[in-house]
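Here the structure is a predicted model, which means the values were calculated and not measured.
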Amino acid sequence: MSDLRKVNIDGQEIEVPADYTVMQACEQAGAEIPRFCYHERLSIAGNCRMCLVEWVGAPKPQASCALQVKDLRPNRDGSPANIRTDSEIVKKAREGVMEFLLINHPLDCPICDQGGECDLQDQAMGYGRDGSRFEENKRAVDDKFMGPLVKTVMTRCIQCTRCVRFITEVAGVEEIGLASRGEDAEITTYLEKSLTSEMSGNVIDLCPVGALTSKPYAFNARPWELEPTETIDVMDAVGSNIRVDSRGGRVLRILPIINDDINEEWISDKTRFVWDGLGRQRLDKPYIRKNGQLVQASWGEALDLAASKLKADPETIAAIAGDLADSEAMKALKDLMDALGVKNMDCRQDGSGLGMGPRQEYLMNTTIAGIEQADALLIVGADVRHEAPLVNTRIRKSWIYSGLEIGMIGEAYDLTYDYDHVGTTPEDLQAFLKSTKGFARKLKSAKNPMILIGTGALARKDGAQILRLCGEIAKKYKMVRKDWNGFNVLQTAASRVAGLDMGFLPAKDGLDLAGILKACKKGTVKTVYSLGADEIDEAGFGDAFVIYQGSHGDRGAHRADIVLPAAAYTEKDALWVNTEGRVQMGRMAVSPKGEAKIDWAIIRALSSKCDRTLPYNNLEELRTKLFADHPTFAGLNVAPGADGASAFDPAKLGKAGKVNKAPLRSQISDFYFTNPVARASAVMAECSAVGDSDMINEAAE
């Protein structure tokens, strides 16, 4: 812990760590300090000068964001330095700074999307003058092209450089900078190209004025018209905390909520801009296939037909849960299948073999925040940047500030930080297990080493053998101890951990995903219940009768014989379990579309048609049974971390055997098209098209 120093702030003597800035000390004393350029998660720039305070005895006001407490000299009599945040000198200084900031700022408030939630508006009211002495012509700045997500009106810019520091430090893509000096200074993209970062939308939140705003959201609504709902993101398995803003039953905006354990205060562009996909290609009525065509039906007809198919021989029935299925829906479907005697079920839509060992086998045991305690990391077959952007930013943060050593076995990806590319294939993984040089030496000398395995490496035919190799590496380098668990699997599906936790897996003698699809083609599995399983090729189901339950008209619905319209993730109260094993509660922001129903309620209604009525009539009763059957779901907002690590032997995971020579690579080929909601989004389609064109241009150059 750093040493403490005393400082007198507005007559109140307090003791704070010496490495605190004066701004932090003032805020601890209860004083409010205005600021534009300062941000807790970015480096200090000291550009705006709005945070000026008076250091009694100093010749002029001081920028409190750039002055540390340890640099404050005590008074001559030995008493602590005096800082004043409310003196007349400070008041005049702030008024002068605000006057300068507003010199070139246009009067755009009535047409600016930042209006109503603008730092410049708020601070101009609180700290500004009621007039201006500036009479010269205002300058104008050309708008810049930053891609399909970020709209620019650069004349409004006050050169705080928050966007520059975020893109450089957090996103790790140096594409925005401050060009020229003085009156000619302006923020610009270096090559007038679209931003390539999957985190670029965060500059919209960071911009304290209306220079950078959301292009898809432009002129849609004012903040006071929107109804906010705090919920959980499902675009990946990180479980980012988000706020969904809606109006009149439509989702119009998605913003991050601060959670230091998971997403800090950032979200990925897919999370932020996928909202338009929630209103497109929606399933809002039941359908039944007749004469090769899906035709509209009533709920009664659809459920009756589905029940007639599910009353057949249990060995001819299978159930598959997709990547966006919520915990309650999977629990209801599993209970129904168990009641019917169905043994063929799987929640691993990617075909991985995880879930047969202890819970630590498929979790990110180190936790996302725990990455900051690690000093060496081996990544196996994962494109972390696109599989889990918030995990990638946390790794980059640790790489920058803690000197995290990183190695990679698998296809080489641009992960926004330097790493040792140890190898590409599982054979390189075998060689690394025996190695004592290079990155192996760094891993051996590390105090808290960790391994991060991508699901792409495990969803192969030799996935069990790769898991065993990774487990042996974890044991060799003492990654699993009583106080530390460095064995991690990076899940990509929001539903996966919950499904594995509740055992949505083949029963004894039951078929897994590969077995189900093989049996469909053979004709031995005749009915498949697809709970939003949209990532499976339509031909994979053969001639089986498919009952599809989901929210969008995607691949699953195209192949279905019965379509049961369900709610999207913003339209239901549901539990989600992230890649760390942390249970979080999502909340309903808007009502389901048309005749669509909540997922678990559809299955409950179907169970009565099957004469296997499930023992719950409302969400509370369902959760009570879920918690009783699977106690891990009762621990909200808790990640297990190193709990039970000493009893966990990673070297026993998977199976011993030969591995093939195919390179280890991620399953994600297009970051913007990983699920039905994203594929329905026009914004995501535009982002994907821009990314493809940039790759083509780079190849041509």
Side-chain angles (χ1 to χ4, degrees), residues 41-43 165-174 196-200 202 235-240 256 259-271 363-422 439 442-443 446-457 470 473-474 477 479 484-492 578-580 582 639 641-642 664-666 668 671:
R41 302 187 197 276
L42 303 176
S43 62
R165 285 174 284 148
F166 172 82
I167 286 292
T168 303
E169 297 166 13
V170 180
V173 181
E174 298 184 7
T196 60
S197 172
E198 67 291 339
M199 300 286 290
S200 65
N202 291 287
M235 292 298 109
D236 52 32
V238 171
S240 299
N259 187 322
D260 288 330
D261 291 331
I262 303 175
N263 57 302
E264 298 185 295
E265 59 188 88
W266 321 121
I267 52 175
S268 73
D269 289 347
K270 184 162 55 177
T271 297
L363 294 184
M364 187 171 179
N365 297 290
T366 302
T367 73
I368 296 170
I371 293 170
E372 296 183 30
Q373 299 173 30
D375 47 4
L377 163 63
L378 176 64
I379 300 172
V380 179
D383 179 4
V384 189
R385 179 174 172 183
H386 295 112
E387 291 180 20
L390 278 307
V391 173
N392 196 66
T393 58
R394 192 76 73 143
I395 294 172
R396 176 175 168 79
K397 179 181 178 182
S398 190
W399 173 70
I400 291 174
Y401 297 108
S402 305
L404 177 67
E405 296 281 359
I406 305 166
M408 161 74 88
I409 297 179
E411 196 166 298
Y413 296 105
D414 177 9
L415 299 180
T416 72
Y417 37 80
D418 296 336
Y419 58 81
D420 293 343
H421 193 208
V422 181
F439 188 73
K442 295 178 183 178
L443 208 58
K447 292 182 179 178
N448 291 329
M450 62 179 282
I451 187 170
L452 187 63
I453 312 160
T455 51
C470 292
I473 289 171
Y477 293 101
M479 294 182 184
W484 175 257
N485 191 339
F487 183 84
N488 301 284
V489 171
L490 183 64
Q491 301 287 356
T492 56
N578 77 348
T579 188
E580 308 168 293
R582 186 189 304 270
L664 297 168
R665 55 168 60 98
S666 171
I668 294 179
F671 170 70

Value rounded to 0.5 Å, distance of [atom1] in [X] from [atom2] in [Y]:
X: Ile453; Y: Leu378; atom1: CD1; atom2: CG; answer: 8.5 Å
X: Asn392; Y: Asp383; atom1: CG; atom2: CG; answer: 8.0 Å
X: Ser402; Y: Ile395; atom1: OG; atom2: CD1; answer: 12.5 Å
X: Asp375; Y: Glu405; atom1: CG; atom2: CD; answer: 9.0 Å
X: Lys442; Y: Asp420; atom1: NZ; atom2: CG; answer: 4.0 Å
X: Leu390; Y: Thr393; atom1: CG; atom2: OG1; answer: 5.0 Å

Check for a donor-acceptor pair, side chain of [X] on one end and backbone N or O of [Y] on the other, with a separation under 3.5 Å.
X: Asn488; Y: Thr366; answer: yes
X: Glu169; Y: Ser43; answer: yes
X: Glu387; Y: Ile668; answer: no
X: Arg165; Y: Leu42; answer: no
X: Thr579; Y: Val489; answer: yes
X: Trp484; Y: Met450; answer: no
X: Lys270; Y: Phe671; answer: yes
X: Asp236; Y: Ala388; answer: no
X: Ser666; Y: Ala382; answer: no
X: Asn578; Y: Val238; answer: yes

How would you list, by chain and number, every residue that makes a side chain to side chain contact (heavy atoms under 4.5 Å, CB included) with [X], sequence neighbours excluded?
X: Glu411; value: Tyr413, Arg665
X: Asp269; value: Leu149, Ser200, Phe273
X: Ala171; value: Phe166, Ile167, Ser197, Met199

Q) Can you check side chain to side chain contact (heavy atoms under 4.5 Å, CB included) on Leu404 and Leu377, steps first, answer last? A) CA-CA 7 Å; Leu404 177 67; Leu377 163 63; 4.3 Å; yes
What is the minimum heavy-atom distance between [X] and [Y], and which atoms define it?
X: Leu664; Y: Gly381; value: CB-CA, 3.9 Å
X: Gln491; Y: Ala237; value: O-CB, 3.3 Å
X: Leu490; Y: Thr455; value: O-CG2, 3.4 Å
X: Ser398; Y: Ala374; value: OG-O, 4.0 Å
X: Pro256; Y: Glu265; value: CG-O, 3.5 Å

Q: Verify side chain to side chain contact (heavy atoms under 4.5 Å, CB included) between Tyr417 and Ile400, making sure each step is shown before the conclusion.
A: CA-CA 8 Å; Tyr417 37 80; Ile400 291 174; over 6 Å; no
Q | Qualifying residue for side chain to side chain contact (heavy atoms under 4.5 Å, CB included) with Met235, from Thr492, Thr271, Ile267 | A |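 The passing option is Thr271.
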So do [Y] and [X] actually touch side chain to side chain, heavy atoms under 4.5 Å?
X: Leu415; Y: Met408; answer: yes
X: Val380; Y: Ile451; answer: yes
X: Ile406; Y: Trp399; answer: yes
X: Val391; Y: Met364; answer: yes

Q: Could you go through the side chain to side chain contact (heavy atoms under 4.5 Å, CB included) check for Met479 and Phe487 one step at a time?
A: CA-CA 7 Å; Met479 294 182 184; Phe487 183 84; 5.7 Å; no
Q.
Working note: Glu264 + Val170, criterion side chain to side chain contact (heavy atoms under 4.5 Å, CB included); need CA distance, chi angles, decisive distance, verdict.
A. CA-CA 11 Å; Glu264 298 185 295; Val170 180; over 6 Å; no
Q) Does Arg394 come within less than 4.0 Å of Glu372, counting only side-chain N to carboxylate O? A) yes
Q) With no hydrogens and no angle check, do the side chains of Asp261 and Thr367 hold a donor and an acceptor under 3.5 Å apart? A)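 Absent: no donor and acceptor within the cut-off.
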